[in-house]
Amino acid sequence: MRLLLVEDDAALAEALRQNLRGDGYVVDHVARYGEAEAALMIVPYDLVLLDLGLPDGDGRDLLRDLRRRRCKTKVLVLTARDHVEARVGGLDDGADDYLVKPFAQAELAARIRALLRRPDDSRGRILRCGTLSLDTVTGEVSAPGGSAVLPPKERVILTALLIRPGGVVTRDRLDSQLYGFADEIESNALEAAISRLRLRLSGLKAAVEIRAIRGVGYLLREIAAGRAAP
Amino acid sequence: MSPPATLRHRLQIKLAVVILLAYLPLAGLYLASEWRGEGQRRDRDLLQVAGTIGAAFRGEGHTVETLDIADWIAAGIDTHEYELAILDVEDGRILLTTDSALPPMVSAEIRRTLSDGLITAEGETRIALRRVEKPEGDLLVVVSHGIDGDLFRRWLTQELAFELLPVLVAILAAALGAARWSVRHDLAPLARLSAIADAIRPGDRHTRLESARVPGEVLPLVTAINAALDRVDAAYLRQRRLSADAAHELRTPVAALQAMIDGLPPGVARTDLEQGVRRVGRLIGQLLDKARIEAQDNPQPPLVDLVPLTRDLLAELAPAALAMGRDLALIAPDVPVLWPVDPLAMTIALRNLVDNALGFSPVGGVVEIEIRPAGPEIHVRDQGPGIASQDLPRLFDPFWRAPGQGRAGAGLGLAIVAEVARQAGLRPCAVNRPNGGADFALLGSDTPEA
């Protein structure tokens with residue numbers, strides 16, 4: 001896996017490069033907008049670690065340019081801006097994820113892993129979390145305990161949860177995705193479908209759990225023993 | 001201080017002065033010409049009256065003994081307007097007079113030589129004479145308009161009251177009314193401009209004054225104000241870029257430090273360094289939050305639905321909370337809970353409250369966030385040790401930390417909450433729960449005082 005690190009702070013870049021090399025990645029480092037543009041033209045990187053504040057340009061322009069060229073390279077933005085600002089700004093420009101400085105190496109490594117195994121496009125592809133995988137086209141879910149075809153509602157829910165494993169999907173979003181199934185629009189339709197999905201997944205011995213955050217939403221996460229905290 | 005004189009006032013005063021200055025000489029010329037014509041008219045009057053009296057007196061049966069003013073009144077002579085005297089031509093004897101000052105004005109020579117006609121006596125008094133021949137001796141009828149000198153004043157008063165003043169008043173009224181209408185009509189665009197300027201709020205970067213229908217004299221002012229707004233806007237953008245740069249400049253070295261520490265082999269020293277760098281990172285984040293919130297005090301924030309705002313924030317915080325072994329729960333109504341508040345500031349405040357509650361929660365504890373529409377009220381409740389009663393008053397002070405508190409904090413989190421609450425018109429409040437733990441709340445203005 002080859003990464004491009006675009007960061008103008010020499011000390012941060014050097015430390016990150018060493019840490020990432022320790023994790024087994026090949027890391028190229030550039031400090032300027034122009035160099036980053038040139039590097040992206042030549043090398044098909046798997047992932048770009050992009051600092052937004054560059055001395056000769058705005059990292060967001062680079063990001064927009066990349067997306068305009070329909071380049072599928074993953075971009076993880078390293079921002080000094082606040083969470084909320086980054087959420088509304090950076091991601092809209094086409095970043096796949098963002099990290100607010102300062103961050104722990106463990107967090108960075110986890111985000112990079114998640115991005116690199118995430119399919120380029122969640123439609124028509126296999127989604128995974130740990131030992132669980134879901135074919136979103138056929139609705140077939142596989143785990144060490146076997147495989148099964150999910151009914152439509154459970155498939156919609158599991159797809160939404162698997163697109164960002166470990167992240168919370170709010171109730172509003174799940175409800176709006178279930179809204180197309182007009183057969184039963186009861187207040188507990190979501191809860192019922194989730195509990196059926198939980199039963200099915202534990203029957204397949206999938207090492208994942210669906211946690212409810214009361215009043216907020218649901219998240220799906222691995223329950224592997226000795227798993228590093230995200 | 002008295003309010004500044006309005007344009008209408010100034011214009012009206014100037015118009016009034018100009019009109020008076022132009023009118024007074026014209027009025028003087030008019031009066032002079034009128035007065036000349038008036039003298040001729042009066043002379044004719046006097047001759048006529050003298051003739052009437054003379055004719056009445058000449059007839060048979062009229063003697064000096066039968067002279068009676070009542071007869072003249074009956075003949076149509078206004079005795080208030082004229083002074084009369086009848087003299088004996090031969091010896092100057094005064095047979096009758098209405099004013100004792102009149103007879104001496106007719107000298108003996110005139111009396112004897114002049115028969116009918118007009119003379120000018122002392123003091124410009126015009127006097128008409130009429131000789132009446134009677135068998136017992138000739139008499140002289142003497143008539144004047146009075147010799148007390150206020151003739152001119154009376155005439156002038158009449159002229160002013162009935163001729164000059166009404167015209168002047170009409171001209172002034174028309175001019176001042178026109179000035180008033182013109183000023184109001186021509187300055188109406190300015191009222192619209194001041195309404196636009198009044199609505200400009202901090203962060204409102206695109207509103208400019210309109211120049212349509214603005215009088216040409218005011219246009220440079222509008223242009224200058226718009227140019228000033230452009231300059232302020234440029235400075236505002238520079239300032240915003242500066243604080244974004246400041247965030248970058250402050251956070252990047254800490255990130256470098258953190259990355260270097262992460263590259264060290266595990267050990268006590270590394271753990272200590274990790275804690276130190278986390279604390280610095282937190283402090284920088286809070287200082288930037290505080291600076292930004294203080295800088296963006298918007299007097300008219302938009303109406304924000306607090307429920308999805310809180311839900312999105314909790315969705316963001318939940319993974320880290322679960323990783324720490326703490327749970328989050330939101331109790332919120334299904335209806336929107338609207339409140340005028342800057343959404344970014346409110347998110348920062350709530351995040352500080354939830355972070356704070358998570359920090360004091362035991363492993364396995366639940367931090368419960370409740371939104372109540374009445375008030376509204378937002379509660380953040382933890383299952384931690386609660387707040388010592390002596391700490392309650394200082395909880396929201398900047399840089400204050402509870403003595404002996406082990407958590408890595410700068411003591412800014414709750415101060416930021418207090419500042420956001422102040423800007424949003426909410427009351428920050430902290431109490432201990434009956435069954436343990438703390439309850440931090442932001443209370444809306446229609447909440448009854450506890």
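We name chains A, B, ... by the order of the sequence lines, and we start the count at 1 in each one.
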| When only pairs under 4.5 Å are counted, which of A:Gln18, A:Lys101, A:Gln105, A:Glu14 shares the most heavy-atom pairs with chain B? |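 Of A:Gln18, A:Lys101, A:Gln105, A:Glu14, A:Lys101 has the most heavy-atom pairs under 4.5 Å with chain B.
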
| task | Give the member of A:Leu108, A:Asp51, A:Val169 that has the highest number of heavy-atom pairs under 4.5 Å with chain B. | result |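 Of the candidates given, the most pairs with chain B belong to A:Asp51.
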
| message | Quick check on A:Leu219 against chain B: is it the side chain, the backbone, both or neither that has a heavy atom closer than 4.5 Å? | response |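 Just its side chain gets close to chain B.
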
| Less than 4.5 Å apart, any side-chain heavy atom of B:Pro319 and any of A:Val168? |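 Of all side-chain heavy-atom pairs linking A:Val168 with B:Pro319, at least one is under 4.5 Å.
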
| query | Among B:Ile284, B:Leu257, B:Val307, B:Thr252, who wins on heavy-atom pairs under 4.5 Å with chain A? | reply |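 Most pairs with chain A among the choices: B:Thr252.
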
| task | With a 4.5 Å cut-off on heavy-atom pairs, point out which of B:Pro308, B:Gly263, B:Pro253, B:Gly281 contacts chain A the most. | result |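 Heavy-atom pairs under 4.5 Å are most numerous for B:Gly263.
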
| request: Sort B:Leu322 into side chain, backbone, both or neither according to what part of it lies under 4.5 angstrom from a heavy atom of chain A. | output: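 Both backbone and side chain.
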
Specify the closest pair of heavy atoms between [X] and [Y], including all atoms of both residues, with the distance to one decimal.
X: B:Val254; Y: A:Pro102; result: CG1-CG, 3.5 Å
X: B:Ala259; Y: A:Leu16; result: CB-CD2, 4.0 Å
X: A:Val216; Y: B:Ala315; result: CG1-N, 3.6 Å

| request: Determine the sole option in B:Leu328, B:Ile331, B:Leu314, B:Ile369 for which the side-chain contact (heavy atoms from CB on, under 4.5 Å) test with A:Arg214 is passed. | output: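 The passing option is B:Ile331.
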
| request: Output the residues of residues 2-10 of chain A for which the shortest heavy-atom distance to chain B is under 4.5 Å, in residue-number order; output 'none' if no such residue exists. | output: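 Residues in range: A:Glu7, A:Asp8, A:Asp9.
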
To the nearest 0.5 Å, what is the distance between [atom1] on [X] and [atom2] on [Y]?
X: A:Arg171; Y: B:Arg311; atom1: CZ; atom2: CZ; result: 7.0 Å
X: A:Glu107; Y: B:Gln258; atom1: CD; atom2: CD; result: 10.5 Å
X: B:Met260; Y: A:Asn19; atom1: CE; atom2: CG; result: 10.0 Å

| Is B:Asp327 salt-bridged to A:Arg211, going by a charged N under 4.0 Å from an acidic O? |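 Looking at A:Arg211 together with B:Asp327, the answer is yes, because their closest N to O distance falls below 4.0 Å.
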
| query | More than 12 foreign heavy atoms under 6.0 Å from CZ of B:Arg270: is that the case here? | reply |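 Counting neighbours around CZ of B:Arg270, more than 12 heavy atoms of other residues, nucleotides or ligands fall under 6.0 Å, so yes.
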
